[in-house]
Amino acid sequence: MGKLYVVGIGPGGLEHMTLRAKEAIEESDIIVGYTKYMEFVKPLIEGKELVSTGMKAERDRCAKALELAKDKIVSIISTGDAGIYGMAGLILEMKEDEEVEIVPGVTASSSAASVLGSPLMHDNCNISLSDLMTPYELIKKRVEFAAQADFIISLYNPRSNGRPHYLRECIDIIKKHRDGNTPVGVVKNALREGQEVNLFTLDNFNEEVVDMFSIVIIGNSQSFIKDGKFITPRGYFRDKE
Ligand code: SAH
């Protein structure tokens, strides 16, 4: 009997992977994923069969992983959490009678938050700016409502060559509902090689530093900077009315 693990490998650095993720990869005969992600787990996959396909071939990749998992132990890997803009959903949608286990991982917003300080201490949401599978009008609507509802917002897939202006437009939408001095953190390659951190406010935000290896976190109305750390208060110092 085979099995398919859908593994979130965390942000990239091996030390940030869960023990279960490590176990699943070690137990697997075959690893499926992008070549770049294979690099992150290189020490764990020596001697295993590797199957990698291009960036846009998700359905082919999932079909292949499910087929192989009929009689082999297979891991299909996503960075961060496999259930957050990863492969978990598509695998479950396509699966027939194969055995599947979803292995969670540390998602980019958590990784970036730890680097910036504690920006996600209150109600927060993730919005992907990728319009490959979501109409841009709907993306902007979600950004607008999240800003209005005072959520801390983590923007995944924030800026690519194909849609370089979306990020600026979304920041402008948020500015309609939030103070100009609201902190905005950008972390590129959080918790892996090449990490870069930039801290802005909504007013002085510069989208030029942002690419597809970055995540952007915008604070809520209470967020502030203390000693270079981006903090959203949980509310412990708030006197009850
Ligand atoms: N499943 C992943 C997200 C995949 S979507 C997760 O849970 O983290 C791809 C986007 O995630 C990237 O464009 C970037 O915005 C973000 N991302 C993933 N890993 C990152 C990292 N180490 N540092 C910063 N952003 C990251």
Side-chain angles (χ1 to χ4, degrees), residues 5-18 20-21 24-25 32-42 53-58 61-62 65 75-93 102-117 119-120 124-134 136 139 142-143 146 152-164 166-168 170-171 184-200 205 207-218 230:
Y5 290 107
V6 187
V7 183
I9 62 170
L14 278 187
E15 68 279 27
H16 298 292
M17 187 181 288
T18 68
R20 185 65 184 146
I25 290 172
V32 181
Y34 301 137
T35 322
K36 186 176 160 61
Y37 301 169
M38 302 273 193
E39 284 293 311
F40 292 140
V41 292
K42 205 169 177 188
T53 51
M55 203 72 183
K56 298 260 156 70
E58 278 93 355
R61 183 146 26 98
C62 287
S75 280
I76 181 166
I77 60 175
S78 296
T79 57
D81 188 310
I84 300 179
Y85 313 123
M87 285 298 124
L90 185 53
I91 288 289
L92 293 180
E93 283 181 73
I102 314 287
V103 182
V106 179
T107 192
S109 63
S110 297
S111 298
S114 74
V115 172
L116 291 166
L120 304 182
N124 63 92
C125 67
N126 299 330
I127 300 178
S128 167
L129 296 195
S130 169
D131 63 353
L132 289 179
M133 284 172 286
T134 310
Y136 185 42
I139 296 172
R142 286 179 177 156
V143 168
I152 303 138
I153 302 171
S154 298
L155 297 176
Y156 283 69
N157 299 304
R159 191 161 180 266
S160 74
N161 293 333
R163 46 176 173 82
Y166 283 17
L167 177 59
R168 170 44 59 192
C170 288
I171 291 289
V184 180
V186 178
V187 186
K188 178 174 177 174
N189 292 315
L191 302 183
R192 67 186 180 213
E193 216 181 290
Q195 177 175 291
E196 282 174 32
V197 185
N198 279 286
L199 204 46
F200 300 103
F205 180 67
E207 66 270 23
E208 296 296 322
V209 303
V210 180
D211 62 13
M212 286 297 274
F213 303 108
S214 314
I215 186 163
V216 180
I217 302 183
I218 300 113
F230 179 168

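Order of appearance sets the numbers: ligands from 1, and atoms from 1 within every ligand. Computed from heavy atoms alone, side chains included, the values below leave out hydrogens, waters and symmetry copies. It should be emphasised that the depicted structure is a prediction, and the values quoted were computed from it without experimental measurement.
- The shortest heavy-atom contact between Ser154 and Leu120 is OG-CD2, 3.8 Å.
- Atoms of ligand 1 found under 4.0 Å from any heavy atom of Pro11 (numbered from 1 in listed order, with element): 22 (N).
- Nearest protein heavy-atom neighbour of atom 23 (N) of ligand 1: Ala190 N, 2.8 Å.
- Between Tyr156 and Thr107, the side chains place a donor N or O and an acceptor N or O closer than 3.5 Å (distance only, hydrogens not considered).
- Side-chain contact annotation: Asn157 with Tyr85, donor-acceptor N/O pair under 3.5 Å absent.
- In the vicinity of Ile215, heavy-atom distances shorter than 4.0 Å reach the ligand 1 atoms 24 (C), 25 (N).
- Without hydrogens or angle criteria, Ser75 side chain to Ile77 main chain gives no donor-acceptor distance under 3.5 Å.
- For atom 24 (C) of ligand 1, the nearest non-hydrogen atom of the protein is Phe213 O, 3.2 Å.
- At a 4.0 Å heavy-atom cut-off, ligand 1 does not touch Leu191 at all.
- Using a 4.0 Å cut-off to heavy atoms of Asn189, the atoms of ligand 1 that qualify are 22 (N), 23 (N), 24 (C).
- For Arg159 (side chain) and Val210 (main-chain N/O), a donor-acceptor pair under 3.5 Å exists by modelled atom type.
- No side-chain donor-acceptor contact under 3.5 Å links Ser214 to the backbone of Val186.
- In terms of protein heavy-atom proximity, atom 2 (C) of ligand 1 is closest to Thr79 O, 3.2 Å.
- Protein heavy atom at the shortest distance from atom 12 (C) of ligand 1 is Met212 O, 3.1 Å.
- Ligand 1 places these atoms under 4.0 Å from at least one heavy atom of Val187: 24 (C).
- The backbone of Ser214, and not its side chain, has at least one atom closer than 4.0 Å to an atom of ligand 1 (non-hydrogen atoms only; backbone = N, CA, C, O).
- With respect to atom 11 (O) of ligand 1, the closest heavy atom belonging to the protein is Tyr156 CD2, 3.4 Å.
- At the top of the distance list for atom 18 (C) of ligand 1, counting protein heavy atoms only, stands Ala108 CB, 3.6 Å.
- Ala190 and Pro11 get closest at one heavy-atom pair: O-CB, 3.4 Å.
- Annotation: side chain of Val216 is not in contact with side chain of Leu129 (no heavy-atom distance under 4.5 Å).
- Checking only distances, Ala82 never comes within under 3.5 Å of ligand 1, N or O to N or O.
- Note that the CD1 atom of Ile218 and the CG atom of Asn124 stand 11.5 Å from one another [nearest 0.5 Å].
- From the protein, the heavy atom lying nearest to atom 3 (C) of ligand 1 is Ile84 O, 3.6 Å.
- The number of heavy-atom neighbours closer than 6.0 Å to CZ of Phe213, taken from other residues, nucleotides and ligands shown, is 12 or below.
- The shortest contact between atom 7 (O) of ligand 1 and any protein heavy atom is with Thr107 OG1, 2.6 Å.
- In terms of polar-atom proximity, Asp81 is counted as a contact of ligand 1, with an N or O under 3.5 Å from an N or O of the ligand.
- Neither the backbone nor the side chain of Ser78 has a heavy atom within less than 4.0 Å of ligand 1.
- Note that OH of Tyr166 and CG of Leu155 are 14.0 Å apart. Values are rounded to the nearest 0.5 Å.
- The N/O atoms of Pro158, backbone and side chain alike, include none that comes under 3.5 Å of an N/O atom in ligand 1.
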